Amino acid sequence: LRRELGVFGATFLGLGSILGTGVFVSLGLVAGIAYGWTPWVVLAAAGVATCNALSSAQLAAAHPQSGGTYEYGYRLIHPLAGFTAGWMFLCAKSASAATAALGVSAYLLHGLGLSTGDARILLASGVVVLLTALVASGLRRSSDANVVVVTITLLALLAFVAFGSVALFGREPSLASVLRQTPQDLAWSQLLQATALMFVAYTGYGRVATLGEEVREPRKNIPRAIILTLVVSSLVYLLVSVVALWAFGGSRNLASTAESGALLAEVSRSFGYSFLPALLSVGAITAMIGVLLNLLLGLSRVLLAMGRRSDMPGFVAQIHEGNSSPVAAVVVVGVIVLGLTLMGSIKTAWSFSAFTVLVYYAITNLAALRLPKEDRLYPRLWSICGLVSCLLLAFWVDRTVWLAGLGVLSVGWIWFAVRRSRL
């Protein structure tokens with residue numbers, strides 16, 4: 001694959017992967033659990049993400065190939081660990097991609113004043129097909145389109161924070177009283193569940209590592225892009241969560257609105273600016289288009305890497321000579337995401353993604369601990385903290401979800417054993 005990305009392009013791909021379902025959906029789900037503790041959950045998830053990001057950065061700098069943790073697991077731990085990472089990444093991010101597609105259609109229909117339901121699923125399916133075609137056309141076009149959608153998204157979110165702060169200043173309840181609104185029966189298990197759901201909202205930085213084979217000067221540019229992505233996204237999440245909580249008075253309405261798929265547009269209606277809900281709807285649509293586009297990029301590169309090692313059928317490893325794109329892998333990923341989109345449930349897809357992506361990053365941290373001293377950029381303590389955090393949080397999502405995740409993992413291991421026996 002061609003090395004076409006610098007720090008700017010790689011950072012925007014990371015932001016495009018993060019600033020979508022995380023800020024427009026996940027924050028509402030988290031607030032419905034944590035109430036006034038939501039900003040602290042945002043910061044706790046950012047801490048976990050930082051540990052994982054530093055592990056990903058040094059691994060990608062040392063091994064700048066497509067595939068991310070799939071490659072690192074193979075090289076540094078064991079082929080089964082690498083396969084497990086790749087398999088769980090495909091499961092996790094396919095579910096996240098379906099969530100993004102459903103989010104796009106929900107906000108678009110909401111902005112047009114139309115009902116959701118079956119129309120949301122049909123429109124989401126059309127979005128998946130169109131973006132699959134764009135990603136198959138090559139990285140340069142995808143990167144250019146991503147810069148546009150991320151810029152629009154950032155402008156919309158900054159407008160939400162600025163106009164919201166002005167509108168809410170001096171209103172009752174005050175921000176301080178809202179942040180103190182925490183139910184007496186709030187348990188640590190709920191905070192851990194909220195942190196697990198919020199962590200998924202940060203993991204788009206991994207897209208920079210997954211596309212490592214296409215980044216110029218990877219040892220210098222990949223760590224810079226990952227750290228920049230995490231810093232910007234953390235600030236955005238924190239500011240948006242505080243303003244949204246303030247507007248809703250810390251009530252459970254935040255969760256129900258998020259599940260309906262139009263969180264920030266609904267919140268902004270209380271600010272008194274007629275243009276703001278429409279702007280937030282546009283920002284949400286571009287944000288989740290960006291997430292879906294970047295997930296299709298990342299998923300196809302992992303599938304490409306798995307095809308190269310014969311863990312997946314060999315045809316997905318073919319690269320189109322004209323645009324240097326793994327077209328077959330992109331199409332297969334598009335079909336998988338389309339199937340998950342037809343399920344139609346945002347919360348189920350997001351929770352499933354939380355469990356599987358935590359398993360993926362546990363392997364990332366374990367691989368980072370196996371790096372030789374000369375390849376290590378940061379102290380081992382970061383990777384140890386990341387590993388422990390991921391294993392702890394993975395089993396605090398809904399029980400039925402992590403049981404389903406273990407079932408999917410078992411299916412993957414059976415596939416791995418069968419493929420290996422035939423080689």
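Keep in mind it's a predicted model, so treat the numbers as computed, not measured.
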Enquirer: Check whether any side-chain heavy atom of Arg419 sits under 4.5 Å from a side-chain heavy atom of Met312, and report yes or no.
Expert: no
Enquirer: Distance check, rounded to the nearest 0.5 Å: Leu295 atom CG versus Ser94 atom OG?
Expert: 8.5 Å
Enquirer: Which is it for Ile227 and Leu54 under the side chain to side chain contact (heavy atoms under 4.5 Å, CB included) test, yes or no, and what are the steps along the way?
Expert: CA-CA 8 Å; Ile227 292 170; Leu54 294 179; 4.2 Å; yes
Enquirer: Does a side-chain heavy-atom distance below 4.5 Å link Leu134 with Leu131?
Expert: yes
Enquirer: For Ser234 versus Ala46, what's the shortest heavy-atom pair and its separation?
Expert: OG-CB, 3.8 Å
Enquirer: Residues two or more places apart in sequence or in another chain: which of them pass side chain to side chain donor-acceptor pair (under 3.5 Å) with Thr364?
Expert: Thr69
Enquirer: For residues Val327 and Ala136, report the shortest heavy-atom separation together with the two atoms involved.
Expert: CG2-O, 3.7 Å
Enquirer: As an exercise, state the distance from CG of Leu158 to CZ of Phe163, rounded to the nearest 0.5 Å.
Expert: 11.0 Å
Enquirer: Going by the rule side chain to side chain donor-acceptor pair (under 3.5 Å), which residues pair with Trp413 if we only count those two or more places apart in sequence or in a different chain?
Expert: Thr84
Enquirer: So do the side chains of Val42 and Tyr202 get within less than 4.5 Å of each other, counting heavy atoms only?
Expert: yes
Enquirer: Show the numbers, then the answer: is there a side chain to side chain contact (heavy atoms under 4.5 Å, CB included) between Thr151 and Phe12?
Expert: CA-CA 9 Å; Thr151 301; Phe12 265 71; 3.8 Å; yes
Enquirer: Any side-chain heavy atom of Val243 sitting closer than 4.5 Å to one from Ser165?
Expert: yes
Enquirer: Indicate yes or no: at least one non-hydrogen side-chain atom of Leu154 is less than 4.5 angstrom from one of Leu19.
Expert: yes
Enquirer: So, Arg3 and Glu217, do they make that salt bridge, N to O below 4.0 Å?
Expert: no
Enquirer: If the condition is side chain to side chain contact (heavy atoms under 4.5 Å, CB included), which residues does Ala367 pass it with, not counting sequence neighbours?
Expert: Leu59, Tyr72, Leu76, Ile77
Enquirer: Are the side chains of Arg120 and Leu102 in contact, using a 4.5 Å heavy-atom criterion?
Expert: yes
Enquirer: Would you say the side-chain atoms of Thr153 pair up with the backbone N or O of Ala287, donor to acceptor, closer than 3.5 Å?
Expert: yes
Enquirer: Mind checking what makes ring-ring contact (aromatic ring centres under 6.0 Å, His included) contact with Tyr74, not counting sequence neighbours?
Expert: Tyr70
Enquirer: How are the rings of Phe83 and Phe416 set to each other: parallel, tilted or perpendicular (split at 30° and 60°)?
Expert: tilted
Enquirer: Gln318: which residues meet the side chain to side chain donor-acceptor pair (under 3.5 Å) condition with it, sequence neighbours left out?
Expert: none
Enquirer: Does any non-hydrogen side-chain atom of Ser268 lie less than 4.5 Å from one of Tyr273?
Expert: no
Enquirer: Does Phe271 have any ring-ring contact (aromatic ring centres under 6.0 Å, His included) partners at least two apart in sequence or in another chain, and if so, which?
Expert: Phe160
Enquirer: Do any N or O atoms from the side chain of Trp87 and from the backbone of Val411 form a donor-acceptor pair under 3.5 angstrom?
Expert: no
Enquirer: Between Tyr360 and Phe89, how do the two ring planes meet: parallel, tilted or perpendicular, split at 30° and 60°?
Expert: tilted
Enquirer: Can you measure from CG (Leu15) to OG1 (Thr229) and round to the nearest 0.5 angstrom?
Expert: 4.5 Å
Enquirer: Nearest heavy-atom pair of Ala95 and Leu340: which atoms, and what distance?
Expert: N-CD1, 3.6 Å
Enquirer: How long is the gap from CG on Leu130 to CG on Leu293, to the nearest 0.5 Å?
Expert: 11.5 Å
Enquirer: Output the distance between atom CH2 (Trp37) and atom CG (Leu43), rounded to the nearest 0.5 Å.
Expert: 11.5 Å
Enquirer: Quick one, Tyr237 and Ile18 - any side-chain contact, counting heavy atoms below 4.5 Å?
Expert: yes
Enquirer: I need the minimum non-hydrogen distance between Val30 and Ala194, along with the two atoms involved.
Expert: CG2-O, 3.6 Å
Enquirer: Can you see which heavy atom on Ala394 is nearest to which on Phe355, and at what distance?
Expert: O-CD1, 3.1 Å
Enquirer: Determine yes or no for a side-chain-to-main-chain donor-acceptor pair under 3.5 angstrom, with Trp415 supplying the side chain and Asp311 the backbone.
Expert: yes
Enquirer: What residues form a side chain to side chain contact (heavy atoms under 4.5 Å, CB included) with Ala44, not counting sequence neighbours?
Expert: Thr195
Enquirer: For Thr356 and Lys93, what are the C-alpha separation, side-chain angles and deciding distance, and is it a side chain to side chain donor-acceptor pair (under 3.5 Å)?
Expert: CA-CA 9 Å; Thr356 48; Lys93 295 306 179 180; over 6 Å; no
Enquirer: Could you tell me the separation between the CG atom of Leu122 and the OG1 atom of Thr341, rounded to the nearest 0.5 Å?
Expert: 11.5 Å
Enquirer: Residues in ring-ring contact (aromatic ring centres under 6.0 Å, His included) with Trp402, at least two apart?
Expert: Phe395
Enquirer: Who pairs with Val332 by side chain to side chain contact (heavy atoms under 4.5 Å, CB included), at least two apart in sequence or on another chain?
Expert: Leu303, Phe315, Val316, Ile336
Enquirer: How close do Val291 and Ala100 get, counting heavy atoms only, and between which atoms?
Expert: CG1-CB, 3.8 Å
Enquirer: CZ of Phe169: more than 12 outside heavy atoms within 6.0 angstrom?
Expert: no
Enquirer: Return yes if some donor-acceptor pair links the side-chain N/O of Ser241 with the main-chain N/O of Leu238 below 3.5 Å, else return no.
Expert: yes
Enquirer: Among residues at least two apart in sequence or on other chains, which ones pass side chain to side chain contact (heavy atoms under 4.5 Å, CB included) with Val208?
Expert: Ala10, Ile222, Ala225, Ile226
Enquirer: Does Asn221 reach the main-chain N or O of Gly6 with its side chain, forming a donor-acceptor pair under 3.5 Å?
Expert: no
Enquirer: I would like to know whether Val161 and Val240 meet side chain to side chain contact (heavy atoms under 4.5 Å, CB included); could you show each step before the answer?
Expert: CA-CA 6 Å; Val161 171; Val240 171; 3.9 Å; yes
Enquirer: Determine, step by step, whether Ile319 and Leu304 satisfy the side chain to side chain contact (heavy atoms under 4.5 Å, CB included) criterion, reporting the C-alpha distance in whole Å, the side-chain angles of both residues, the deciding distance to 0.1 Å, and the verdict.
Expert: CA-CA 9 Å; Ile319 297 175; Leu304 164 71; 4.3 Å; yes
Enquirer: Testing Arg308, His63, Arg309 one by one against Glu71 for a side-chain hydrogen bond (donor to acceptor under 3.5 Å, both in side chains), which residue passes?
Expert: Arg309
Enquirer: According to side chain to side chain donor-acceptor pair (under 3.5 Å), does anything in residues 43-62 pair up with another residue at least two apart or in another chain? List the pairs.
Expert: Asn52-Asn365, Ser55-Asn365, Ser55-Ser383
Enquirer: For Tyr361, give me all partners under side chain to side chain donor-acceptor pair (under 3.5 Å), at least two apart in sequence or on another chain.
Expert: none
